[in-house]
Amino acid sequence: QGQLVESGGGLVQAGGSLRLSCVASGRTFTTYTMGWFRQAPGKEREFVATIKWFGGNTNYADSVKGRFTISRDNAKNTVYLQMNSLKPEDTAVYYCVAAKVLYTATREAEYDYWGQGTQVTVSS
């Protein structure tokens, strides 16, 4: 049984940066596509970013392109989300996800594993 554990969330002022980390354990996730979703208060969960297990192919939501960067270190079973130029509308619970697919998945239903989430709050 696999497990994903996020860390790195917190409170930051608008324009600031945070880096989220997600450590995968319990099974081999190196061949999985990894990603991040988020859910703001009163809103539906939405796709943020995804990265293939090999080749570094990535995909981003339009709302974060140019500001967020997803990366992974397969040797450490860890995926990262570097978030720069944060805005109050980025405030949400961020979830790490994993999918046993060979492409950059963007839909919730494609993901098999979900972390518990980490809170990111951006103040104006």
Side-chain angles (χ1 to χ4, degrees):
Q1 188 74 11
Q3 185 178 15
L4 305 175
V5 179
E6 306 96 335
S7 62
L11 173 64
V12 64
Q13 289 188 333
S17 299
L18 281 175
R19 188 175 82 154
L20 305 183
S21 299
C22 171
V23 178
S25 63
R27 66 170 302 122
T28 301
F29 282 96
T30 53
T31 59
Y32 279 58
T33 283
M34 305 292 292
W36 294 89
F37 281 72
R38 68 184 182 186
Q39 187 167 21
K43 294 187 177 181
E44 293 187 352
R45 196 152 51 187
E46 63 176 1
F47 164 75
V48 175
T50 181
I51 184 167
K52 282 178 58 176
W53 74 274
F54 181 78
N57 297 59
T58 58
N59 195 355
Y60 296 92
D62 288 343
S63 59
V64 306
K65 279 181 181 176
R67 300 188 298 122
F68 290 11
T69 302
I70 188 171
S71 61
R72 66 189 295 165
D73 185 338
N74 286 338
K76 296 182 178 180
N77 292 323
T78 302
V79 62
Y80 305 97
L81 186 68
Q82 177 67 43
M83 306 185 294
N84 299 328
S85 302
L86 283 162
K87 305 174 181 179
E89 51 263 44
D90 294 318
T91 295
V93 176
Y94 284 71
Y95 297 91
C96 177
V97 293
K100 195 170 178 59
V101 297
L102 300 178
Y103 53 87
T104 50
T106 62
R107 296 183 295 117
E108 284 192 45
E110 297 175 291
Y111 285 91
D112 307 293
Y113 294 92
W114 292 74
Q116 291 299 307
T118 184
Q119 176 71 47
V120 171
T121 303
V122 184
S123 63
S124 57

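- The backbone N or O of Gly2 sits nowhere less than 3.5 Å from a side-chain atom of Arg27 that would complete a donor-acceptor pair.
- With hydrogens and angles ignored, the 3.5 Å screen pairs a side-chain donor or acceptor of Glu6 with a backbone N or O of Cys96.
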Can you give me every donor-acceptor pair (side chain of residues 116-124, partner residue at least two apart or in another chain, under 3.5 Å) with its distance?
| from | atom 1 | to | atom 2 | distance (Å) |
| --- | --- | --- | --- | --- |
| Thr118 | OG1 | Gly9 | N | 3.3 |
| Gln119 | NE2 | Ala92 | O | 3.4 |
| Gln119 | NE2 | Thr121 | OG1 | 3.3 |

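- Using a 4.5 Å heavy-atom cutoff, the side chains of Tyr95 and Leu4 are not in contact.
- Taken to the nearest 0.5 Å, the CD atom of Gln82 stands 8.5 Å off from the CG atom of Leu18.
- With rounding to the nearest 0.5 Å, the separation of CD in Glu108 from CD in Gln39 is 8.0 Å.
- For Lys87 and Asp90, the salt-bridge test fails: no basic side-chain N is under 4.0 Å from an acidic carboxylate O.
- Cluster membership check: Met83 does not share its hydrophobic cluster with Val97, using side-chain heavy-atom separations under 4.5 Å among Ile, Leu, Val, Met, Phe, Trp and Tyr.
- Separation of atoms CZ (Arg67) and CG (Leu86) is listed at 6.5 Å; rounding is to 0.5 Å.
- Side-chain contact between Val93 and Phe37 is absent, with no heavy atoms from C-beta onward closer than 4.5 Å.
- Neither Leu20 nor Val23 shares a network with the other; the hydrophobic side chains, linked directly or stepwise wherever heavy atoms of I, L, V, M, F, W or Y lie under 4.5 Å apart, form separate groups for each.
- Here Cys22 contributes atom SG and Phe29 contributes atom CZ; the two are 8.5 Å apart, rounded to the nearest 0.5 Å.
- Residues Trp36 and Ser21 approach most closely at CH2-O, 3.8 Å, considering heavy atoms.
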Show me the donor-acceptor pairs within less than 3.5 Å that the side chains of residues 47-61 make with the rest of the protein, sequence neighbours left out.
| from | atom 1 | to | atom 2 | distance (Å) |
| --- | --- | --- | --- | --- |
| Thr50 | OG1 | Met34 | O | 3.1 |
| Thr50 | OG1 | Tyr111 | OH | 2.9 |
| Tyr60 | OH | Ile70 | N | 2.9 |

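- A distance of 5.5 Å separates CZ in Arg38 from CZ in Phe68, rounded to the nearest 0.5 Å.
- You'll find the side chain of Thr33 stays beyond 4.5 Å of the side chain of Glu110, heavy atoms only.
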